[in-house]
Amino acid sequence: MRTVHDIPTLHNVPVLVSAPLNEPIENNEVSSDFRLRRTLPTIEFLSRAGAKVIVCGHIGRAPTETLEPVYRAIAKHIPHATFSPVAIGPQARASVRELHSGDVLVLENLRRYSGETKNSPEFARELASLADVFVQDAFDTAHREHASIVGVPTFLPSYAGILFDQEVHELSSALTPKHSALAIIGGAKFSTKEPVLKKLLSVYDHVVVGGALANDFLSAKGYSMGASLMSGADTSVINNLLANERLVIPSDVIVAPLQGKPIASRVSALNSIEPAEAVLDSGPDTNQYIETLVQNAKTILWNGPLGHYESGFTEGTRSLAKAISQSSARSIVGGGDTITAIEELGIAENFSFISTGGGAMLSFLTHGTLPGIEALNKSI
Ligand code: 3PG
Ligand code: MG
């Protein structure tokens, strides 16, 4: 993969940078600048080399959302950065014409344009027309076949940004781990996680399934799951995975009735979940067993919480985060709630690599590549 360091000339060259700008917003301000901090080296490198840097990206899912708060967060690091309220068209081109060497312009949310998510060639061509060179740093979105991911590289010579290159390098190394290798996959939605579970079972010595994902496995084992969130996964698919002795499922759980306040949670054995109760976190025996696996591992890969994190069931996820932070294993982690837990505990520097990708990380681990990587490799 070609990277920013391979771009022949940068001085006075307009460079379009696709960056991971999809940050959480609270009260119109960026509440965590985790992704931004990781892409700043790419933007600053291009600016220092004298390029005219045009930053684009997306925020949220609704086409009404604005990148303005993210622009203000960028401006805290790069005070001379400016904002364009449109991403394409005459006004955007005029803003680009005003740029001088080293300037940074942030374009409005690409998902305001349906051509972005539809990967329309017209939209990709319009966006590409703003620059002479394209740099891809939005690893978090590289699993999407959107115009700014796969379309623009068909029109411009394209290169990986510093973050993007590092993500591919680190996650590739996770596919050839040092043994004993431990993978932990949590969160929900079995259908989106099944391919990565299959892949990891062929590479890792232990694959722990946690979070709501584990409910389908426990149900297939014959336990009554009460009011727990289920994916409705195919039992024969689940049973196939369960037959693999590398797969680890919870041995006890935290349950609570979904109705009534305060929510009275309790530790439960797998065979005593009441019909009105839902599994909301991993239990103490499970957490302790996972900790033993962590202590014996040389490589640890982790994506997804072990409990319903956003409703306060944080114990399983936090105890896992702490255990990994104290281990000397190579640790590669990612996913929204996983990163939130690590940041809340203030232990981020104890992890070898924290991916900016959630779904993109899982997709890369499954396939060893992503549409965004292929687009760079095929680019003119
Ligand atoms: C993410 O937050 O997972 C990435 O930024 C991708 O966003 P998306 O799921 O809306 O495509
Ligand atoms: Mg996502």
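In each ligand, atom 1 is the first atom listed, and ligand 1 is the first ligand listed.
- Within the 4.0 Å heavy-atom cutoff, R35 counts among the residues contacting ligand 1.
- Near R144, meaning under 4.0 Å from one of its heavy atoms, ligand 1 places the atoms 8 (P), 9 (O), 11 (O).
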### Query
Can E291 and S319 be said to form a side-chain hydrogen bond (donor to acceptor under 3.5 Å, both in side chains), step by step?
CA-CA 8 Å; E291 237 168 82; S319 79; 4.7 Å; no

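- Inclusion of H143 in the set of residues having an N or O under 3.5 Å from an N or O of ligand 1 is not warranted.
- E343 and S32 share a donor-acceptor pair across their side chains, judged by distance under 3.5 Å alone.
- Ionic pairing of E277 and R266 is present here: one or more N-O contacts between side-chain nitrogen and carboxylate oxygen are shorter than 4.0 angstrom.
- Residue-to-ligand polar distances keep H146 apart from ligand 1: every N/O pair is separated by 3.5 Å or more.
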### Stepwise side-chain contact (heavy atoms from CB on, under 4.5 Å) test for H367 and H143
CA-CA 10 Å; H367 305 290; H143 57 318; over 6 Å; no

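- Only the side chain of N22 comes within contact range of ligand 1, with a heavy atom under 4.0 Å; no backbone atom does.
- When heavy-atom distances to ligand 1 are checked against a 4.0 Å cut-off, M361 has no atom that comes that close, whether in backbone or side chain.
- Every atom of ligand 1 is numbered from 1 in the order shown, and the set under 4.0 Å from a heavy atom of H58 is 5 (O), 6 (C), 7 (O), 10 (O).
- We find that E344 and K322 are not joined by a salt bridge, their nearest charged nitrogen and carboxylate oxygen being 4.0 Å or further apart.
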### Task
Could you check E98 against R93 for salt bridge (charged side-chain N to carboxylate O under 4.0 Å, His left out), going step by step and ending with a plain yes or no?
CA-CA 9 Å; E98 281 167 23; R93 283 196 293 275; over 6 Å; no

